[in-house]
Amino acid sequence: VDAAFFLRNLGLVRAPTWVNAPVATMAAAAVTRVTSAYFPPENLIATCQHVSAASAVPEAGFWSHCLTTKHSHYARQQARLRHFGAGELPVDSFVVPMPFPGGVGLGQRSTLASSSEDHLDQKPDTGHSLLHAMVNSGEPELFGSLIARSIVQFKWEAFARRQFMKQMAIYALALVLLTVMVLLVDNGSVSSLSSSQSFQDVISFVVAICLCAITVLKLWHEAWQAKVTGPLRYVSDPWNTLDILGITLTLATVVANLSGWQHTRALLALALYINWFGLLFFFQAFSSTGPLVRMVLRIIADIRYILLVLAVTLVASSTAFYVLLNEEEEAEGFSSSGLTLFTMFNMLLLSDFQSDAFAVGQYAVLVRIMFVVSMLLVAIVLLNLLIALMSDSYERIQDKANIEFVRLRAKSILEIEMFFGRSELGRADFYPETVHVLLPKDDNTVLHQGQWQGVLHELKKEVLAQQAALEIRMENQHQDLRHQLRTQRDAMEALRSQSAEQMELMKRMLETIQRQLASQSVQA
C-alpha cells in the first residue's frame, strides 16, 4: 500500500515536447512543437529516444519525428486512430523519473561492467527490474500509477506486441489444425496410414504431423518457462496447467489418429474443448477483452463456495430420487445414478420437467414433497444468492478492472522476456535509459477509466468529491478563523500599545507632580 501510494504520488516528470536546439538545426529538421495527438485505448504513448546511426534525428524533433515519420509505428498508429474517428487531444510530455525503468539490457550492463572490477554476468537484469518486482509483489494497486502504465505500454509497443501476436498466431494455427481433424474423422473410425492410401489419408497425415510439430514447440516453450520460474510457481498458475493439459490431449489425439484407435473422437473432443478455452489467455492482453476475461475468472473464484453448496444439494436430491424412482418404469431419466444427476440438474436449475414424468409409484407423495423442498432451496434461495454474489463481485472487480488488465499485460511481457536471446537483450531501444511519455493534458494523475466502472465506483467518486468539497469548505473556514484571530490579535496589540502609552504619560505626570511637591516643600 505504501509503495502504491508512493508511485501514484510520484507521477511522471514534465518535459517539453521539443528541446532547445540551434536555430539552423531546427530549421533543417523542420521541427514543430507537438501540441495534440490521437491516443490509443491505453490513453498514453510511451517510447524512447533511440537514434540510429543511419537516420539521426535532432533532439528538438523527437516527438514530431515519432508521430509524423512515414514508416514509424507511432505514425501508423496515429493514422489508424484518425481513420477510426478517435478524438485529437492536447498533450503534455513527460519522462519516467528513473534511469532504465524497464531493466538494464545487455549492452548497458556491459558498459557498466567495464568501469567495475566485478564484471556483471552477460544477462539482462530484467529479474530485478521495477516491473518484475511489481508483478511478484502480488499487489494490483501498484499498476494504477502512471509510472507502471508507462513502462508496460513502452515494452508492449517496443517488442511485446509483436512477440505476443506471433505466439497467438502459432496457437491459433494449432487450434485450426486440431479443428480440421474433425472433418477427417469418419463415423466410427479414423483415417490413418494403416487404411487405404486415399487423398483424405494424406491430408490427415499432413495435418497430424504439422500439429505434432507445433505442439512439441509449445511443449518446449512450457518446459523452458517451468525451468525459469520454478516448477511450483509454474504449476500455481491455472493457465499453465491448462496449457499442459491441452498439449497432452493434443499429442494423444495425434498418436491415436495415426494409429487408427477407435476412440480418437473422445480425445479429439477433450482436446478441442480445452484448447479453445486456452485461447482466452491471449485475450487478456487486449484492452477490449482483457478486463472481461479477468472478471469472469474472478467471479468464478468468488462463487466457488456457493457452487459447492449447490453441488451438495444436487447430489442429495439426485441420490434420494434415484432410490425412490430407479425401479419405476414410468419414471423417465432415473434409470441410473448418472442419468438421475443430469435429470435433477435440468429440473432444479433449468426448470425443465413435467410432474407426471417423475411423480409416480407408491412414493409419489414423498417425491412431490422432496421436489418442492429442493426447488425452494435451489431455484429460489441458492440461485438468487448466486446472482447477488455475482453482482457484488462484478462491482468490486469492475472498479479495478483496468488495473488488473495492466498487471496481466505486465505478466505477459515478463514471460516474453524469458525467451530473449543476446540480440534482443543488447538492443538499447528495448532497454533504454529514459522512457518518454505523451499524455492528454492534465492527466498526470492515476489510471484513466475509459469505461463504465459500476455503481460502487460511482459511489466512491461521489464520496471522494464530497470529501474534497468538505475539505475545501473546512480550509476556507480555517482561513476565515485565522483571519479573525489575526485581526483580534492586531486589535489587542493596538490596545496594549495604547495602554503602554497612557501608562507612560501617567508616569510622567506623576513624576512632574512629585517634583512640584518636592519644590514646594523646600520653599516652605
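For this chain, numbers begin at 1 and follow the sequence in order.
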Flag yes if more than 12 heavy atoms outside [X] fall under 6.0 Å of its [atom1] atom; otherwise flag no.
X	atom1	result
Phe345	CZ	no
Glu332	CD	no
Phe342	CZ	no

Evaluation steps, side chain to side chain contact (heavy atoms under 4.5 Å, CB included), between Phe143 and Arg409: CA-CA 10 Å; Phe143 294 90; Arg409 179 174 280 188; over 6 Å; no
Spell out, as yes or no, whether a donor-acceptor pair under 3.5 Å connects the side chain of [X] to the backbone of [Y].
X	Y	answer
Asn240	Tyr234	yes
Arg304	Ala301	yes
Ser236	Arg233	yes
Ser317	Leu314	no
Glu415	Ser412	no
Ser391	Ile387	no

May I ask you to decide if the ring planes of [X] and [Y] are parallel, tilted or perpendicular, using 30° and 60° as cut-offs?
X	Y	result
Trp261	His263	perpendicular
Tyr431	Phe420	perpendicular
Phe286	Trp156	perpendicular

CA sep, side-chain torsions, deciding dist, call: Tyr171, Met168, side chain to side chain contact (heavy atoms under 4.5 Å, CB included): CA-CA 5 Å; Tyr171 190 93; Met168 185 175 178; 5.7 Å; no
Verdict with supporting geometry, Val435 and Ile151, side chain to side chain contact (heavy atoms under 4.5 Å, CB included): CA-CA 8 Å; Val435 172; Ile151 296 173; 5.8 Å; no
Distance-only polar pair, side chains of Asn402 and Arg149, donor-acceptor under 3.5 Å: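 Not at all, the side chains of Asn402 and Arg149 share no donor-acceptor pair under 3.5 Å.
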Counting C-beta onward and ignoring hydrogens, is there a side-chain heavy-atom pair between [X] and [Y] closer than 4.5 Å?
X	Y	answer
Leu178	Leu268	yes
Glu417	His132	no
Thr215	Val254	no
Cys212	Leu251	yes
Asp302	Leu389	no
Met165	Arg162	no
Phe154	Pro432	yes

Please tabulate, for the side chains in residues 273-283, all donor-acceptor contacts under 3.5 angstrom to protein atoms that are two or more places apart in sequence or on a different chain.
| from | atom 1 | to | atom 2 | distance (Å) |
| --- | --- | --- | --- | --- |
| Asn275 | ND2 | Thr250 | OG1 | 3.2 |
| Asn275 | ND2 | Ala271 | O | 2.6 |

Gap between atom [atom2] of [Y] and atom [atom1] of [X] - 0.5 Å precision:
X	Y	atom1	atom2	result
Leu219	Asp243	CG	CG	10.5 Å
Met181	Thr264	CE	OG1	7.5 Å
Gln284	Trp239	CD	CH2	5.0 Å
Phe353	Leu348	CZ	CG	8.5 Å
Thr289	Phe405	OG1	CZ	8.0 Å
Gln153	Ser150	CD	OG	8.5 Å

Pairs touching residues 271-296 that satisfy salt bridge (charged side-chain N to carboxylate O under 4.0 Å, His left out), sequence neighbours left out: Arg294-Glu404
Minimum heavy-atom separation for [X] to [Y], with atom names?
X	Y	answer
Gly333	Thr343	O-OG1, 2.8 Å
Asn257	Ser204	ND2-OG, 3.2 Å
Ala379	Asn384	O-ND2, 3.6 Å
Glu424	Gly421	OE1-N, 2.9 Å
Gln78	Tyr38	NE2-O, 2.6 Å
Ala160	Ile413	CB-CG1, 3.7 Å

Sequence-distant partners of Glu157, salt bridge (charged side-chain N to carboxylate O under 4.0 Å, His left out), two or more places apart: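 In terms of salt bridge (charged side-chain N to carboxylate O under 4.0 Å, His left out), with neighbours along the sequence ignored, Glu157 is linked to Arg161.
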The single option from Leu339, Thr313, Leu341 passing side-chain contact (heavy atoms from CB on, under 4.5 Å) against Ser318: Leu341
Residues Leu177, Ile214; criterion side chain to side chain contact (heavy atoms under 4.5 Å, CB included); working and verdict: CA-CA 10 Å; Leu177 293 176; Ile214 296 176; 3.9 Å; yes
